[in-house]
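Before any comments, here is the structure.
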Amino acid sequence: MEFEFDFGAKTLTQGVKKNVKKYASVAGVAFSLSSEELVFMNKETGENHVMTDKVLFALSLCQQFKPLDQHIVTIGQNIPELQNQVQAIQTVVDFLIKNKLLLEDQEWLAQLSESSSQIKVSNAGIVIRAFEKPNLLNRLLESLQKYQLKHNKKFSVQVYSDSNSEKIELEMEEVCKSFKSEIRITFYGQVWQNQFIKMLTTEFPQRPEEIKWLLSQSSQHYSGGRIWNLALLNNAGKKFLFFDDNYIFEARIKSENNNLVNLNNKTDLSVDFSLNLTDIKQNSNQYEEDVLTQMINSCGQTTGNWLSTRDVKYSAVDHLSLVELQRIQSTSLIKSVGTGTWGSPRSEHNYWLYYLDGEQKQAFWESREVYLDNIEASNLMHYSNEYEFLSMARFLPSAIDNSSLTPFAMPSDTLEDYFFNAVSLYCYPNQISMQCPFMLGHIQAERKDRSATNHLARTPNFNKFIADYALTLVDSTDALDPTIRLKTLSDYVLGLSDATDETIHNRLKEYLSQIRSDMVLSMQTQMANSPDAPVYWQADVREIVEANGKALIQNKPPILSGWDKSMDKQDCVETARHELKRVATAMELWPQLWEFCKISQ
């Protein structure tokens with residue numbers, strides 16, 4: 001063991017010397033040797049260090065990056081025996097720095113930017129998920145045509161139909177044909193999709209039900225996730241850009257200073273409310289760079305390679321925890337890339353608007369007339385001013401690295417993107433989802449009534465339930481291979497499906513209670529922090545609190561969103577058990593499907 005160190009009894013009467021260099025403590029595990037002595041193992045290096053319990057406590061007080069003189073003051077204030085023992089504290093802090101148990105921010109950032117060799121990943125181009133609106137598809141392709149002329153580019157485009165109507169699908173195919181001279185475009189309609197599914201069921205004759213569940217249309221639910229799965233299999237081994245047909249390829253930006261990188265994993269996107277699209281364009285700037293190429297080139301790179309080839313600066317890491325920041329390594333893969341949006345938001349509800357703070361909250365409730373428009377979130381800008389290195393994408397990723405195994409999306413119902421993003425994090429716990437500081441147009445065909453459910457208790461669907469379950473298990477295995485990790489997750493899900501009726505019921509009940517109690521707590525905190533809020537905002541927040549509070553004490557069957565509202569307790573258990581088994585078997589099969597499709601190309 002390397003060293004033993006105690007603070008001793010040295011004292012110094014003068015104040016702490018100024019030292020603005022920022023340091024934070026590394027992650028580690030402690031093992032007791034006696035009532036006062038222990039071994040601390042650095043989790044990054046595996047090295048052991050012997051120290052007293054007071055030194056360990058001092059180390060625990062330095063988890064966030066702060067100037068060294070602030071750390072010394074904090075240690076003195078929190079350990080009574082060390083008050084005024086500045087020299088003793090300084091000596092120990094110096095020793096911790098020497099032994100790499102306290103790291104300087106600049107040293108860690110330099111490590112993060114280290115480049116490494118990488119295999120080049122094939123680029124499949126742009127994948128478009130087309131629903132029932134040929135006019136939206138036409139608008140998107142027109143915007144792509146202008147984009148290609150502006151940037152002297154020509155992208156390959158794959159359009160996948162998710163229409164149940166043969167007539168509408170023919171119209172969408174005609175739209176694609178009309179752009180053939182300007183865009184390299186391929187249309188994948190129901191005929192191709194059925195042939196693709198037949199090929200897989202022929203290759204895997206024992207698994208037709210799982211394959212059809214993953215890839216076939218649903219007559220009962222929105223089935224956008226299955227299009228995602230078809231694209232993932234058809235482009236196995238490649239990376240691609242991915243957009244719904246309600247996007248517009250016109251990049252805009254709020255801040256011209258867009259070369260900053262924010263490493264904080266807990267920030268929210270900024271929101272600017274607007275009266276209409278004209279107002280949005282007057283309050284933002286066109287972004288002249290080729291963002292599509294930038295996103296697809298970034299996807300699949302390591303963090304170190306991306307940082308080493310770009311002229312970027314870091315936002316301050318002050319008060320960020322090194323233990324949490326160490327999720328990012330120079331070898332972390334950028335598995336997905338996201339962008340902000342202008343126009344319509346990507347969320348189905350409006351709860352998130354009530355979490356806004358500061359100037360954004362003031363803009364949200366500016367006047368009753370403005371507020372009534374804003375709660376539907378029909379015209380806004382939702383964006384980041386900086387590049388962000390997130391653990392998990394916020395919405396549907398704009399670029400996906402599918403060069404190595406990528407999990408499937410839930411084939412039906414909403415929040416299929418949330419499921420995909422959560423399981424991606426499980427498969428690649430050190431992945432990076434990079435959020436870019438620009439926006440693309442996202443304009444839905446119809447105005448949505450997002451405030452209509454505010455009087456109802458928040459009720460997530462099964463897709464969110466299983467995704468959140470996966471997130472609790474990210475640290476359940478040390479495996480690196482995504483195939484092994486997905487099989488492990490499959491075993492956990494299958495295990496839950498095999499639990500007693502009471503266990504499944506209680507798991508559902510606990511989940512709903514947690515969601516609703518969190519909503520009550522957060523809304524009441526917002527109320528407490530906003531004593532001068534307009535009465536109309538307060539009334540809506542109270543309505544949300546009352547709806548969720550009432551649901552918490554009613555003890556009704558744990559019915560998830562999308563389930564029959566007449567279900568009893570046993571119906572909920574049987575439905576959950578069935579869905580869990582289906583997801584588990586699909587997780588077990590998916591790597592085989594993905595690998596077969598990769599080899600078959």
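Note that these values count all heavy atoms, side chains included, but never hydrogens, waters or copies made by symmetry.
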Please check if the side chain of [X] supplies one atom and the backbone of [Y] the other of a donor-acceptor pair under 3.5 Å.
{"X": "Thr472", "Y": "Tyr469", "result": "yes"}
{"X": "Lys254", "Y": "Asn283", "result": "yes"}
{"X": "Gln431", "Y": "Ser391", "result": "yes"}
{"X": "Trp563", "Y": "Ala576", "result": "no"}
{"X": "His442", "Y": "Gly343", "result": "no"}
{"X": "Ser284", "Y": "Arg252", "result": "no"}

message: Is the ring pair Phe408/Trp213 parallel, tilted or perpendicular, if the boundaries are 30 and 60 degrees?
response: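 It falls in the perpendicular class, over 60°.
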message: Please verify the inter-ring angle class for Phe242 with Phe240; under 30° counts as parallel, over 60° as perpendicular, anything in between as tilted.
response: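 Judged by the thresholds at 30° and 60°, the geometry between Phe242 and Phe240 is perpendicular.
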Above 12 or not: heavy atoms from other molecules or residues under 6.0 Å from [atom1] of [X]?
{"X": "Lys212", "atom1": "NZ", "result": "no"}
{"X": "Asp478", "atom1": "CG", "result": "no"}
{"X": "Gln592", "atom1": "CD", "result": "yes"}
{"X": "Lys133", "atom1": "NZ", "result": "no"}

query: Is there side-chain contact between Leu560 and Leu512, with at least one heavy-atom pair below 4.5 Å?
result: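 Yes. Closest side-chain heavy atoms under 4.5 Å.
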message: Between Leu232 and Cys597, is there a side-chain heavy-atom distance shorter than 4.5 Å?
response: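 A side-chain contact under 4.5 Å is absent here.
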Side-chain donor-acceptor pair under 3.5 Å between [X] and [Y], yes or no?
{"X": "Thr459", "Y": "Ser561", "answer": "no"}
{"X": "Asp468", "Y": "Tyr511", "answer": "yes"}
{"X": "Tyr426", "Y": "Ser476", "answer": "yes"}
{"X": "Ser315", "Y": "Glu386", "answer": "yes"}
{"X": "Thr414", "Y": "Lys464", "answer": "no"}
{"X": "Tyr147", "Y": "Asp290", "answer": "yes"}
{"X": "Asn265", "Y": "Glu324", "answer": "no"}
{"X": "Glu132", "Y": "Ser163", "answer": "yes"}
{"X": "Asn235", "Y": "Gln158", "answer": "yes"}
{"X": "Thr453", "Y": "Arg458", "answer": "no"}

- prompt: So Asn402 and Trp594, side chain to side chain donor-acceptor pair (under 3.5 Å) or not? Walk me through it.
  reply: CA-CA 10 Å; Asn402 193 33; Trp594 189 92; 2.9 Å; yes
field: Trace of the side chain to side chain donor-acceptor pair (under 3.5 Å) decision for Gln145 with Glu142
entry: CA-CA 5 Å; Gln145 181 182 354; Glu142 280 185 348; over 6 Å; no
query: Looking at Asp417, Asp244, Asp245, which hits salt bridge (Lys or Arg N to Asp or Glu O under 4.0 Å) with Arg129?
result: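 Result for salt bridge (Lys or Arg N to Asp or Glu O under 4.0 Å) with Arg129: Asp244.
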field: Aromatic ring proximity, centroids under 6.0 angstrom, Trp228 and Phe419
entry: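 No, the ring of Phe419 stays outside the 6.0 Å limit from the ring of Trp228, centre to centre.
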- request: Flag the pair Phe243 / Phe249 as yes when their ring centroid distance falls below 6.0 Å, and as no otherwise.
  value: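 Phe243 vs Phe249: aromatic centres under 6.0 Å.
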task: Check His578, Lys581, Arg582 against Ser497 for a side-chain contact (heavy atoms from CB on, under 4.5 Å) and give me the one that passes.
output: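 Single side-chain contact (heavy atoms from CB on, under 4.5 Å) partner of Ser497 among His578, Lys581, Arg582: Lys581.
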